[in-house]
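These numbers come from a predicted model, not from an experiment.
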Amino acid sequence: MTKSEEKLSLNFIQEIIEEDLRTGKWDGRVHTRFPPEPNGYLHIGHAKSICLNFGLAEQYNGICNLRFDDTNPIKEEDEYVESIKEDVSWLGFDWEDRLLFASDYFEQMYQYAVQLVKAGKAYVDDLNAEQIREYRGTLTTPGRNSPHRDRSIEENLDLITRMRAGDFPDGSRVLRAKIDMASPNLNMRDPVIYRILKASHHRTGDEWCVYPMYDWAHGLEDSIERITHSICTLEFENHRPLYDWCLRELGVYHPQQIEFARLELTYTVMSKRRLLELVQEGHVSGWDDPRMPTISGMRRRGYTPESIRNFCKAIGVAKFNSTIDIARLEHAVREDLNKKAPRVMAVLRPLRVVIDNYPEGQVEELDAVNNPEDAGMGARKVPFSRVLYIEQDDFREDPPRKFFRLSPGREVRLRYAYFVTCVDVVKDAQTGEIVELHCTYDPATRGGDAPDGRKVKSTLHWVSADHAIEGEVRLYDHLFGKPNPDDVETGSDYKSNLNPYSLETLPSCWVEPSVVDWKPGSRCQFERLGYFCVDPDSSDGKLVFNRTVSLRDTWAKIEKAQKKK
RNA sequence: UGGGCUGUGGUGCAAUCGGUAGCACGUCUGACUCUGGAUCAGAAGGUUCUAGGUUCGAGUCCUAGCAGCCCAGCCA
């Protein structure tokens, strides 16, 4: 996309920002924030928000804070803070010196609450949670005022002081904003803004026993940090009137809240609750299981930060609740890895091949290009010898139509090596299973080109049996079998759609020796198969590879179409 | 007779604040190729939720419907 095209199609948030810049609403400033609650791991949906907030700041010469919205000590942990920091920075964003915590504003937020009480706009309520719910009314009927709604300011002040001092047990009292119990927006029916929680906080320890609720805290955090555009997801639209009310009543700096649609992806689930459930029930190996849509899972799977950022840019930002086809994510990694990943040959399901006319004991080091897309990535040597492995899929004794690979009597090219022709098929006497192929090679085709100009229909990857190193390969597929995991029979839940084939482990594959020293995280393309990366489970003796994504596979499509007929 | 938001090809997003629907992903052809990859060229696919209305002209404006999503935590 060129600059001028980008200008022509601004998303609705960019439009707001540019208008603000034009009118000087924020003195030309753009200051956003990414405000995660440290109660779980980040996923690709958060990546959309991160790219949006940091991206907007970058685009308009502004800044973006990383702010932990840690107002509920019961759910929050340092482990999550650390993983979130790692993920945001891995994605390529820098919060510089603006690593912030809502908990650092607890005193100020409390003082603001006192101010609200003094203004007669908040009161301490003795109703319990159940009673508050009853008094709240329903979607179609108005609520009723609490009997404690009209306490004197003095009494409220005394009560809130004692709440903070720890005089009352959990749940016995709350501080409520005094707004309107008949409002059609339930969030405005005297929302609770402080609750008593005698819980230890991951940063403030036991300093506090009252904690602010989201609606009270969030706007104040934005205000204190002098955020200009407070970007959040659609479900907070109903909260905006309250966000505005709080800041207006206090008469403080007042950012603009803007809501956008959260990301949904086909074949996966995105809610923290469900991801946690998958982890806890052992459907996946952990938050960083390569099948998870978490940032840590995708990192382990082999996704690059660039591919995720490109994906987020490509899907756009709007207010329509949409579901993105996971093929777009896969497209984004392929596009990036195609340019960056060195090519390697590996055979996943080995079929032994003996080159009958190749001298026993001879080994040749053949030249192979590391990346045809980038000459700068150089070349390497791969050893060739008399006994090789090729992919089982690359041979058919009885080739169907349009099958171009090896079959009896047919000549194909071994990549960077020689033309070979299949002359014999050896089968297991008992099972009839093909155990070995015999071929002859044409010495004149060394390197892969025939001096007489003859062509072959296909090129196969291969490894030398004596030189290849053994490795484990883990193939991943979609976590769920249906585009929409919620598409279930009545009575069962999304988990009944878990894809039983989402992980296939191939314990003994053969990889060309150039990868011996590779470390976890290294990425490559196994030619003709897909993009892979070295998993942390690798040990000195044995490398473990994760398949990030397969290559586009035209033959698989043809085969599938043929089967349908 | 709760309120808020949204509705454009299979999917996602555009359309210079009325000018006659475009891009991407996906799908399907073909070319090229030492990856059936990549690349390149092309095709199919939309009565812009519906019905009225304003206008020379409406995806854009008006009216009335319909559908979907969100809200009754002392979660965020």
Under 4.0 angstrom between [X] side-chain N/O and [N] OP1 or OP2:
| X | N | value |
| --- | --- | --- |
| A:R195 | B:C75 | yes |
| A:T140 | B:U1 | no |
| A:R328 | B:C13 | no |
| A:H461 | B:U35 | no |
| A:T554 | B:G37 | yes |
| A:R528 | B:A38 | no |
| A:R552 | B:A38 | yes |
| A:K319 | B:C69 | no |
| A:K557 | B:C28 | yes |

Between [X] and [Y], is NZ or CZ placed under 6.0 angstrom from the six-membered ring centre and within 45° of the ring axis?
| X | Y | answer |
| --- | --- | --- |
| A:R176 | A:Y123 | no |
| A:R203 | A:F101 | yes |
| A:R173 | A:F168 | yes |

Using the [atom1] atom as the point on both nucleotides, what is the distance between [M] and [N], in whole Å?
| N | M | atom1 | answer |
| --- | --- | --- | --- |
| B:A72 | B:G4 | C1' | 15 Å |
| B:G59 | B:U16 | P | 13 Å |
| B:C17 | B:G9 | C1' | 25 Å |
| B:G2 | B:U54 | P | 33 Å |
| B:G37 | B:G26 | P | 13 Å |
| B:C49 | B:G10 | P | 13 Å |

Distance-only side-chain donor-acceptor flag, A:E259 / A:Q257, under 3.5 Å: yes

Without hydrogens or angle criteria, can the side chains of A:S458 and A:R413 be said to hold a donor-acceptor pair below 3.5 Å? no

With a 4.0 Å cut-off on heavy atoms, is [X] in touch with a base, just the backbone sugar-phosphate, or nothing at all?
| X | result |
| --- | --- |
| A:Y416 | base |
| A:F403 | base |
| A:P372 | base |
| A:D449 | base |
| A:N128 | base |
| A:I558 | base |
| A:Y211 | nothing |
| A:L127 | base |
| A:R133 | sugar-phosphate |
| A:L529 | nothing |

With distance as the sole criterion, do the side chain of [X] and the base of [N] form a donor-acceptor contact below 3.5 Å?
| X | N | answer |
| --- | --- | --- |
| A:N238 | B:C70 | yes |
| A:R334 | B:A38 | no |
| A:Q525 | B:U35 | yes |
| A:R405 | B:G36 | yes |
| A:D553 | B:G37 | no |
| A:E264 | B:G12 | no |

Rounded to whole Å, please give me the gap between [atom1] in [X] and [atom2] in [N].
| X | N | atom1 | atom2 | value |
| --- | --- | --- | --- | --- |
| A:L10 | B:A15 | CG | P | 8 Å |
| A:K457 | B:U35 | NZ | P | 13 Å |
| A:M270 | B:A76 | CE | C1' | 18 Å |
| A:R262 | B:G68 | CZ | P | 20 Å |
| A:R240 | B:G3 | CZ | P | 17 Å |
| A:K402 | B:G36 | NZ | P | 16 Å |
| A:E330 | B:U11 | CD | C1' | 14 Å |
| A:E559 | B:G36 | CD | P | 14 Å |

Only residue of A:H461, A:K381, A:R380 satisfying side chain to side chain donor-acceptor pair (under 3.5 Å) with A:E512 is A:R380

Nucleotide paired to [N] in any strand shown, Watson-Crick or G-U, under 3.5 Å:
| N | answer |
| --- | --- |
| B:C13 | B:G22 |
| B:U47 | none |
| B:G30 | B:C40 |
| B:A67 | B:U6 |

Side chain of [X], heavy atoms from C-beta onward: which of [options] has the nearest atom to it?
| X | options | answer |
| --- | --- | --- |
| A:N321 | B:C5, B:C69, B:G3 | B:C69 |
| A:V192 | B:A76, B:C74, B:U35 | B:C74 |
| A:E235 | B:C70, B:C74, B:G12 | B:C70 |
| A:P184 | B:G3, B:C71, B:C74 | B:G3 |
| A:D69 | B:G4, B:A76, B:G37 | B:A76 |
| A:T138 | B:G12, B:A72, B:U35 | B:A72 |
| A:S322 | B:U35, B:A76, B:G12 | B:G12 |
| A:E527 | B:C71, B:U35, B:C5 | B:U35 |

What class does the angle between the rings of A:H201 and A:Y211 fall in, given that below 30° is parallel, 30 to 60° is tilted and above 60° is perpendicular? parallel

Which glycosidic conformation, syn or anti, is assigned to B:G42 if syn requires a torsion within 90° of zero? anti

Out of the candidates A:R349, A:R415, A:R410, A:R528, only one should pair with A:D394 under the salt bridge (Lys or Arg N to Asp or Glu O under 4.0 Å) rule; please name it. A:R528

Working to the nearest 0.5 Å, report the span between CZ of A:R334 and OH of A:Y531. 8.5 Å

Would the number of heavy atoms belonging to other residues, nucleotides or ligands and lying under 6.0 Å from CZ of A:R274 be above 12? yes

A:F320 stacking on B:G7: centroids under 5.5 Å, ring planes under 30°? no

